[in-house]
Amino acid sequence: MALARVSPSSLAGHRSPLLQSFFRPFSSDFPLRSSRRRSSPIAAAFSLASQSAHAAREGQVMEAPRPSSRRPWKPTCLYYTQGKCTMMNDAMHLEKFGHNLKMDLPVNASATDKFKPQKLEYFLILDLEGRVEILEFPVVMIDAQSTEFIDSFHRFVRPTAMSEQRTTEYIEGKYGKFGVDRVWHDTAVPFKEVLQEFEDWLGNHNLWKKEQGGSLNRGAFVTCGNWDLKTKVPEQCKVSKIKLPSYFMEWINLKDIYLNFYSRRATGMMTMMRELQLPIIGNHHLGIDDSKNIARVVQRMIADGAVIEITAKRQSTTGNVKFLFKDRIR
């Protein structure tokens, strides 16, 4: 079934005066307040005008429901993932946008017979976005033994070394195609602030404490490739003039695990999903959606009997990275 994208601009030539009012831009001058309550999504259908208006407000494109799904798929509210959704009491908003990432990461209880004991308790799936500077920092946390969704951390990141004009052009090119540039401008904060909030989040889950330092406690980052933690985070720390945190010193490159378990190479997330016959959810290269999709690959691999373990470690004294698997993606 083809995915149907609906945006206010696509209907510009067909608006009646009444419809025109639905597409009038929403004001961004609203107070942002944290909201961490998880709400069960309500399956419902809206008129085209109502769907598009809310899509414009949340900065998300629309996709047609998948025929195999028990409920209509809905885009995740990207204000909610950052603890800044102010519309949790708006029934129409809740019907249109997802506020529970667990719904995208279900566990098939009948497919656990091949599960093997994991060496870790938690996997933190990380998929950064941004080539010049980091623009998005999304983490999806799942239980390593049951593969159930635990929590998520998501922040859009505001560059500090780029000019305002270049940043605007960069964001329009990167996120404008998804319709989420508005959300980015409303919520993005500098990388240093993102890490401070992330460390609080890690502490709340007893995964790391600043006074103790060291690597993550009982958990590890999972990335699709080495670039995120081998290259990009150290580069961004230099730009932001901060020391590389100790919890970024080791990680799991899922490409290496995939190669050694299935005895076949995968160039990236899309290859893995295609070979495992997993349909993509959301938008490829929107970090939070990619993190969810990589988490789904991890769930599937564990269901197939894979053991997910550390593949790379950075030496604190030299900064050199040691790769622990003989057969790995280079």
Side-chain angles (χ1 to χ4, degrees), residues 58-61 75-84 101 124-141 152-199 201-202 221-245 247-249 251-255 267-270 280-295 312 314 319 321:
E58 286 300 321
Q60 278 281 13
V61 297
T76 302
C77 171
L78 298 182
Y79 290 101
Y80 175 80
T81 60
Q82 301 177 85
K84 297 176 180 178
L101 271 66
L124 278 62
I125 293 84
L126 168 70
D127 192 73
L128 301 174
E129 293 294 336
R131 288 287 175 179
V132 180
E133 289 192 53
I134 293 175
L135 299 177
E136 186 179 358
F137 188 97
V139 174
V140 172
M141 177 181 178
S152 66
F153 178 90
H154 181 220
R155 296 292 185 272
F156 284 121
V157 187
R158 189 173 300 277
T160 55
M162 296 168 59
S163 68
E164 184 176 347
Q165 179 180 354
R166 189 182 182 194
T167 296
T168 299
E169 294 172 350
Y170 194 20
I171 295 307
E172 288 179 355
K174 167 67 179 172
Y175 289 112
K177 60 185 177 182
F178 302 137
V180 301
D181 48 330
R182 167 71 175 275
V183 188
W184 189 95
H185 284 293
D186 279 349
T187 61
V189 295
F191 184 69
K192 185 176 182 179
E193 185 175 335
V194 170
L195 286 191
Q196 290 172 346
E197 294 181 6
F198 182 58
E199 289 174 4
W201 183 86
L202 289 174
F221 291 102
V222 178
T223 60
C224 192
N226 292 307
W227 175 83
D228 301 82
L229 293 181
K230 177 180 180 292
T231 303
K232 195 61 206 174
V233 167
E235 287 180 353
Q236 185 64 57
C237 286
K238 289 182 180 180
V239 171
S240 300
K241 299 179 180 179
I242 57 178
K243 182 180 179 181
L244 178 67
Y247 48 80
F248 285 136
M249 294 299 182
W251 62 91
I252 298 167
N253 178 1
L254 195 60
K255 291 181 181 179
T267 56
M269 178 195 80
M270 296 297 283
I280 187 172
I281 55 174
N283 294 298
H284 186 29
H285 294 311
L286 179 59
I288 188 63
D289 285 347
D290 281 351
S291 294
K292 286 188 291 185
N293 282 313
I294 295 170
R314 186 185 301 274
V321 174

Residues Val157, Glu133; criterion side chain to side chain contact (heavy atoms under 4.5 Å, CB included); working and verdict: CA-CA 9 Å; Val157 187; Glu133 289 192 53; over 6 Å; no
Side chains of Asp289 and His284, donor plus acceptor under 3.5 Å: no
From CA spacing to verdict: side chain to side chain donor-acceptor pair (under 3.5 Å), Lys192, Thr160: CA-CA 10 Å; Lys192 185 176 182 179; Thr160 55; over 6 Å; no
4.5 Å side-chain heavy-atom contact, Trp251 and Asn226: yes
Side chain to side chain, Tyr175 and Leu78, heavy atoms closer than 4.5 Å: no
Residue list, side chain to side chain contact (heavy atoms under 4.5 Å, CB included) with Met141, at least two apart or on another chain: Tyr122, Leu124, Ile150, Trp201, His205, Leu207
Residues forming a side chain to side chain contact (heavy atoms under 4.5 Å, CB included) with Lys238, sequence neighbours excluded: none
Heavy atoms from other residues, nucleotides or ligands near NZ of Lys232 exceed 12 (cutoff 6.0 Å): yes
Check against side chain to side chain contact (heavy atoms under 4.5 Å, CB included), Lys84 and Asp186: CA-CA 10 Å; Lys84 297 176 180 178; Asp186 279 349; over 6 Å; no
Verdict with reasoning, Ile281 to Asn293, per side chain to side chain contact (heavy atoms under 4.5 Å, CB included): CA-CA 7 Å; Ile281 55 174; Asn293 282 313; 3.1 Å; yes
Charged tip of Arg155 within 45° of Phe153 ring normal and under 6.0 Å: yes
Nearest-0.5 Å distance, CD of residue Glu136 to CG of residue Leu286: 5.0 Å
Parallel, tilted or perpendicular, as decided by the 30° and 60° cut-offs, for the rings of Phe221 and Tyr247: tilted
